[in-house]
Amino acid sequence: MGDLDGDQRFSMTIDKQQFEETMQTLNNLYAEAEKLGSQSYIEGCLACLTAYTVFLCMETHYEKVLKKIAKYIQEQNDKIYAPRGLLLTDPIERGLRVIEVTIFEDRSLTR
Amino acid sequence: MKNCEYQQIDPRTLPTPTPTPTPTPHHEPDGDRPEEPKGKPRRKWHVFPGKNRFYCDGRIMVARQSGVLPLTLGLILITSGLFFIFDCPFLVKHLTSCIPVIGGFLFVFVVITLLQTSFTDPGILPRATPDEAADIEKQIDNTGNTSYRPPPRTKEVVINQQVVKLKYCFTCKMFRPPRTSHCSLCDNCVERFDHHCPWVGNCVGKRNYRFFYTFIVSLSFHTAFIFGCVTTHLALRAQGGKGLVFALQESPGRYPLIMKCFNKPLTAVELVICFFSVWSILGLSGFHTYLVASNLTTNEDIKGSWSGKSGEDVTNPYSQRNIFVNCCSVLCGPMPPSLIDRRGFLPADESVQTAGADIELPDLANKSEINVCTQGTKGLLESATLPPLLSTSCPQGKPPTDPTVNFDPSPEISTSCSGARHVHHSRGRASTPRHTKTRSKKNKRAALQMANPSFDVPVSPSSPDAGPSSKARGHKGDSFSHLQ
């Protein structure tokens, strides 16, 4: 294909370091969600003793961190990416596998 | 095959395709179900593409083939019921009243964990959106390979200094994260796939493995307890009478007549069920305890992924080398949320925002183009079942430390492929930057045809490795492109 593909367009639009910083923060947040620490052990043991019925009433640590991540992505979108015509999709909506970056452009300018 | 030449799908040349009646990935952001524009909004579980059944408006899910779950429940209920009716009164009188308390507690525990195992999402991964699928297709075949035999679709990542191959799932249109496998019975990719258990009627995966383990352990205690109590009951009766046969025949006078008639064979039934259950369930519990202690899945154990039988020096990269830590991480680790959002509402069928661009819905004039692309894709996916073509110069055995996966201070932002989730493995290695996927226009719909299930080639979890011996990634403009 002769014209630029999405990747090239993306790398031209955003500052590499800025994006790296966003990614690194996200990675750290996910690491915090999945961290094996005393809190997760206590939560796990308590859940086991109650036959896991606590999961029906309590919000888990993971879910709390996911909310934090959603807020962070929203904030990053508002502050950094939307002014450049980009939009980050929360990875949770893609099965925590990819982060989707949408590039908005004026269709009248392209083929 | 109508069209033998593989035609690469370019998301920008495709018009937004007309919605097909076949199931499509339910995460389609713009909605592709125009047949219910009015009325109450539908939830996502209505359009879930896997073979699952949903109850209580999406709160409860089971596999479509519920297997023998009713039988399991029935056996547990009947045996426990018989125990409480026939054995407990005698034992309370002759031994202690703790017996029904313990029995009751175990019974409740067993039933709750069984129901949780059956009704919980095991860790199903939502299928890739058509945009993402087209993007991956584009990357894999970026060399302009026009033969209808695509290169084998694998990707290699390094986890804790161990090379792990990620396979491409043709049904879900994505590279499976590590330890993920596609269950052909449920037609879903399940994270940390252990096995599909017919007894609980569901897959056992990352999210419900702890329920499953607790279920089988508590069930082994429960059956052993009942077995012990029944044996004690018969022994005590035999002591008071003329032997075991007499004990089986006799019944105390305070039982009503109807129960006297049924008492003898029912106690024997209890004994038989418990005897056979105890050994099998205990064996299964022991096996799973071994798996938990070494942080393995049944799938990996059966395939021998980490046993080093292929001659290479392979070790389990997920194990923490400490039994206690392994147990804690598997059973008491954080509970990941369900990724499939079954109770979310489908978005209304509308066009999305673009900066100054106008969106055009497809007209029928474009249908021929869609068909051509469809056939091209069909050819691609059908031919993917053929033996893979060796088309790379990358020799097997060399651990290609793919810089896009390992943390690299200067990652190519322009890479846009879905990569392994880093979070599982960040303990052992540096963090992986999340891979970015770029797509040119949100309103363009790439290759909705690719989600057509008639093209799908589901991979069963027990299928042996297809033996892909080449990396199938290539990326235009990258310095680390391996596929030549």
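Numbers restart at 1 for each chain; the letters A, B, ... are given by sequence-line order, proteins then strands.
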Per-residue contact mode, [X] against chain B (heavy atom under 4.5 angstrom):
{"X": "Thr53(A)", "value": "both"}
{"X": "Leu46(A)", "value": "neither"}
{"X": "Ala47(A)", "value": "neither"}
{"X": "Leu29(A)", "value": "neither"}

Taking Asp78(A) for the side chain and Glu75(A) for the main chain, is one N or O donor matched with an acceptor at less than 3.5 Å? no
Could you please spell out the steps behind the ring-ring contact (aromatic ring centres under 6.0 Å, His included) verdict for Phe211(B) and Phe215(B)? CA-CA 6 Å; Phe211(B) 304 147; Phe215(B) 165 62; over 10 Å; no
I'd like to know if the side chain of Arg192(B) pairs up with that of Asn295(B) as donor and acceptor (distance under 3.5 Å, no hydrogens or angles considered). yes
Under a plain distance cut-off of 3.5 Å, with no hydrogens placed, do Ser319(B) and Asn326(B) share a side-chain donor-acceptor pair? yes
From the list Thr113(B), Val325(B), Leu331(B), Thr214(B), the residue making the most non-hydrogen contacts under 4.5 Å with chain A is Thr214(B)
Show the nearest heavy-atom pair for residues Phe109(B) and Ser218(B), with the distance to one decimal. CD2-CB, 3.7 Å
